[in-house]
Amino acid sequence: MTETLTRPAIREPMLPTAYTVVDRAIETGDSATLTLAPVGRPLPRFLPGQFTMINAPGVGEIAVSISGDPRFERILVQTVRAVGAVSRAVHDAATGTVLGVRGPFGTDWDLPSAAGADLLLVAGGIGLAPLRPALLGALADRTRYRRITLVLGARTPAEFLYRDEVRSWERRPDLTVLSTVDHPVPGWHGPVGLVTAPLAAVDLDPAHTVAFLCGPEVMMRFSADLLVDRGVPPERVRLSLERNMKCGIGSCGHCQFGPLLVCRDGPVVHYGQVADLLTVREL
């Protein structure tokens, strides 16, 4: 039987908590990172991989992965890509803006289960945002893990998130960072192509590797297949899914993905749970 990741219970799941934007950093042409501080009592501590529902008053509510350091209990850090009216309103929220936040919701990466193993993180584009808390958590407790490898892909160099932080990660002797882009620009001297190319070159110990993947579904499917073909057990390959979430608690059904409700049964799932589903077009 396929193991299912679990999540902690939360209080008052439909009642937003007021958070103030205390910092806003531009990441790319359409993405910004907001640092949010609670006006009063904070939400429960999140686990890496979980998400919140952020409400822009008078506009609407969207699901956004938490991208901050899991060691900080009160502060929420969330990277938002502007793709519609609500995400644009959240993305554009200036310092001092008060937003409503619900959560945290969903399953997590289960970082402790990777203790004693090699940890491999594969991110495509904004997929680095949900992976960042797992990486920060692992680096903060570095001796619990063997090799840590981060594989990054983006369409262009300008679309990498957290560029200053990535450069600091590249300088660490206890972390391997491999980056590739689809379309190079003058000054880019790194690899060009899909993330599966550097991923295929990673030195794997399949029986002792745990992999976390986040990005476009086609990228995750091909990356997961590559890892499974190289001997990594499907239950040790975890993906973060994205669907149109409305309630966050598995009530409305908007995020149904085959037999799964992504807000309740995900967003983090084992590859064995969804391998067949990911081959169905427009599911």
Side-chain angles (χ1 to χ4, degrees), residues 7-109 111 123 125-137 139-140 161-166 214 240 242 244-249 255 263 266-268:
R7 64 177 183 178
I10 60 173
R11 66 176 191 272
E12 301 292 347
M14 300 305 292
L15 182 63
T17 295
Y19 273 74
T20 302
V21 178
V22 296
D23 188 65
R24 179 176 183 271
I26 298 297
E27 300 289 350
T28 70
D30 60 5
S31 300
T33 295
L34 304 181
T35 301
L36 308 174
V39 173
R41 184 183 180 187
L43 293 172
R45 175 174 288 183
F46 75 94
L47 296 173
Q50 291 189 300
F51 68 95
T52 65
M53 301 296 298
I54 301 182
N55 183 285
V59 185
E61 187 179 56
I62 56 167
V64 181
S65 294
I66 303 169
S67 52
D69 192 322
R71 295 173 297 171
F72 301 148
E73 185 172 1
R74 291 181 58 85
I75 298 297
L76 286 175
V77 176
Q78 312 223 219
T79 299
V80 185
R81 184 181 180 194
V83 294
V86 183
S87 58
R88 169 61 67 182
V90 175
H91 170 280
D92 291 348
T95 301
T97 301
V98 177
L99 302 171
V101 186
R102 296 191 291 118
F105 296 121
T107 54
D108 65 282
W109 293 112
L111 183 60
I126 200 167
L128 180 56
L131 286 167
R132 182 173 177 261
L135 179 58
L136 293 177
L139 293 177
L161 299 180
Y162 320 126
R163 289 190 290 276
D164 289 342
E165 189 170 36
V166 169
C214 190
S240 182
E242 182 178 3
N244 183 18
M245 303 183 199
K246 293 293 185 181
C247 68
I249 58 174
C255 62
C263 71
V268 179

(message) If you apply the rule side-chain contact (heavy atoms from CB on, under 4.5 Å), what do you find for L36 with V77, and how did you get there?
(response) CA-CA 6 Å; L36 308 174; V77 176; over 6 Å; no
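- G106 approaches P267 most closely through the heavy-atom pair CA-CD, 3.8 Å.
- The main-chain N or O of P42 is never found under 3.5 Å from a side-chain atom of T17 such that the two would form a donor-acceptor pair.
- For W109 (side chain) and P133 (main-chain N/O), no donor-acceptor pair under 3.5 Å exists by modelled atom type.
- By the side-chain contact (heavy atoms from CB on, under 4.5 Å) test, L139 is found to be paired with L135, R142, I148, W169, R172, L175, residues two or more places apart in sequence or in another chain being considered.
- The two atoms that bring V90 and A56 nearest to each other are CG2-CB, 4.1 Å, heavy atoms only.
- What you find for Q50 and D108 is that their closest heavy atoms are CG-CB, 4.2 Å.
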Given side-chain hydrogen bond (donor to acceptor under 3.5 Å, both in side chains), test E27 with T79 step by step and report yes or no. CA-CA 8 Å; E27 300 289 350; T79 299; 4.9 Å; no
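- The CZ atom of R74 lies 10.5 Å from the CG atom of L76; values are rounded to the nearest 0.5 Å.
- Between C263 and G248 the shortest heavy-atom distance is SG-C, 3.6 Å.
- The only option from R102, Q78, E61 that meets the side chain to side chain donor-acceptor pair (under 3.5 Å) definition with T52 turns out to be Q78.
- Separating the CG atom in D69 from the CG atom in L136 is a distance of 5.0 Å, to the nearest 0.5 Å.
- Residues H91 and R24 meet the side-chain proximity criterion, which asks for heavy atoms closer than 4.5 Å.
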Between F51 and M245, does a side-chain contact (heavy atoms from CB on, under 4.5 Å) hold up when you go through it step by step?
CA-CA 11 Å; F51 68 95; M245 303 183 199; 3.3 Å; yes
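- I75 approaches A37 most closely through the heavy-atom pair CD1-CB, 3.8 Å.
- Contact annotation: the side chain of Y19 approaches that of L43 to within less than 4.5 Å [non-hydrogen atoms, C-beta and beyond].
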Could you check L34 against T97 for side-chain contact (heavy atoms from CB on, under 4.5 Å), going step by step and ending with a plain yes or no?
CA-CA 11 Å; L34 304 181; T97 301; over 6 Å; no
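- Applying the side-chain contact (heavy atoms from CB on, under 4.5 Å) test to R81 and every residue at least two apart in sequence or in another chain returns D30, S31, V83, I126, R155.
- The OG atom of S65 sits 11.0 Å away from the CZ atom of F46 when rounded to the nearest 0.5 Å.
- Across L128 and V166, no two heavy atoms sit closer than the pair CD2-CG2, 4.3 Å.
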